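Report on the structure given below.
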Amino acid sequence: MQFADLQKEMIAAMKAKDKVRKDAISSLVSAAKKVAIDEGCRDDISEDIVTKVVMKEMKTVKEQIDACPDDRAELRAEYQARYDIIAEFAPQMMSGEEVENYIREKFADVVATKNMGQIMKAVMGDLKGKAEGKVINDIVKKLCQ
């Protein structure tokens with residue numbers, strides 16, 4: 001997702017007076033700006049930076065949902081709403097089957113070694129941001145057996 005699109009979504013949420021949506025998107029915009037400044041590209045915020053920020057925010061909110069006590073239903077609902085909004089901007093993740101097929105096609109020579117460390121090193125560069133690390137790890141373990 002482009003940074004400009006993210007800003008447009010935030011403006012639309014502000015005009016619609018949707019506070020929950022505006023707050024969630026606003027946190028993404030500010031986090032993307034911060035990461036861009038840290039990486040030295042303040043004026044040119046790339047799609048990769050936005051994707052990285054969205055994935056990190058999703059993980060953070062997911063941890064908040066998991067850590068939320070059962071007796072705090074309203075807080076859990078608030079976190080879930082925020083997670084759902086952020087998930088709209090996340091790239092579509094590959095399924096386990098797609099990951100396995102991709103690894104078998106692209107990295108057949110590395111898979112043949114059955115060295116899990118080498119396979120993970122080769123695969124993670126290509127699939128970072130396209131598939132969840134846990135899914136990749138599980139499939140690589142399966143292929144190494």
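Just so we're clear, the structure is a prediction, and the values are computed from it rather than from any experiment.
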- [ ] Go through the steps for Glu78 and Arg76 under the test salt bridge (charged side-chain N to carboxylate O under 4.0 Å, His left out), then give the verdict.
- [x] CA-CA 5 Å; Glu78 184 180 315; Arg76 183 176 290 241; over 6 Å; no
Task: Non-hydrogen side-chain atoms of Gln64 and Tyr83 separated by less than 4.5 Å - done: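 Answer no - side chains too far apart.
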- [ ] Report yes if the side chains of Cys41 and Ile49 come closer than 4.5 Å at any heavy-atom pair, otherwise no.
- [x]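 Side-chain contact under 4.5 Å: yes.
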[atom1]-[atom2] distance between [X] and [Y], expressed to the nearest 0.5 angstrom:
{"X": "Phe3", "Y": "Glu47", "atom1": "CZ", "atom2": "CD", "answer": "13.0 Å"}
{"X": "Ile86", "Y": "Lys59", "atom1": "CD1", "atom2": "NZ", "answer": "14.5 Å"}
{"X": "Ile65", "Y": "Lys62", "atom1": "CD1", "atom2": "NZ", "answer": "5.5 Å"}
{"X": "Gln2", "Y": "Lys8", "atom1": "CD", "atom2": "NZ", "answer": "9.5 Å"}
{"X": "Cys68", "Y": "Gln80", "atom1": "SG", "atom2": "CD", "answer": "10.5 Å"}
{"X": "Ile136", "Y": "Met124", "atom1": "CD1", "atom2": "CE", "answer": "4.5 Å"}

TODO: Show the numbers, then the answer: is there a salt bridge (charged side-chain N to carboxylate O under 4.0 Å, His left out) between Asp138 and Lys134?
DONE: CA-CA 6 Å; Asp138 292 343; Lys134 182 168 178 16; 3.6 Å; yes
Do [X] and [Y] belong to the same hydrophobic cluster, where Ile, Leu, Val, Met, Phe, Trp and Tyr are linked whenever their side-chain heavy atoms lie under 4.5 Å apart, directly or via other members?
{"X": "Met55", "Y": "Val123", "result": "no"}
{"X": "Ile11", "Y": "Val54", "result": "no"}
{"X": "Leu6", "Y": "Ile37", "result": "no"}

Would you be so kind as to tabulate the donor-acceptor pairs closer than 3.5 Å made by side chains of residues 16-31, with sequence neighbours excluded?
unit_1	atom_1	unit_2	atom_2	d
Asp18	OD1	Arg21	N	3.3
Lys19	NZ	Asp23	OD2	2.9
Arg21	NH1	Glu88	OE1	3.0
Arg21	NH1	Glu88	OE2	3.2
Arg21	NH2	Glu9	OE1	2.9
Arg21	NH2	Glu88	OE1	3.0
Ser27	OG	Ala24	O	2.7
Ser27	OG	Arg82	NH2	3.0
Ser30	OG	Ser26	O	3.3
Ser30	OG	Ser27	O	3.2

Task: Smallest separation among heavy atoms of Glu98 and Met93, with atom names - done: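 Taking Glu98 first and Met93 second, the nearest heavy atoms are OE1-O, 4.4 Å.
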Task: Carboxylate-amine/guanidinium proximity below 4.0 Å for Lys52 and Glu39 - done: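 Looking at Glu39 together with Lys52, the answer is yes, because their closest N to O distance falls below 4.0 Å.
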TODO: In sequence, state the C-alpha distance, the side-chain angles, and the governing distance for Glu97 and Asn101, and then conclude on side-chain hydrogen bond (donor to acceptor under 3.5 Å, both in side chains).
DONE: CA-CA 6 Å; Glu97 228 173 73; Asn101 292 336; 5.2 Å; no
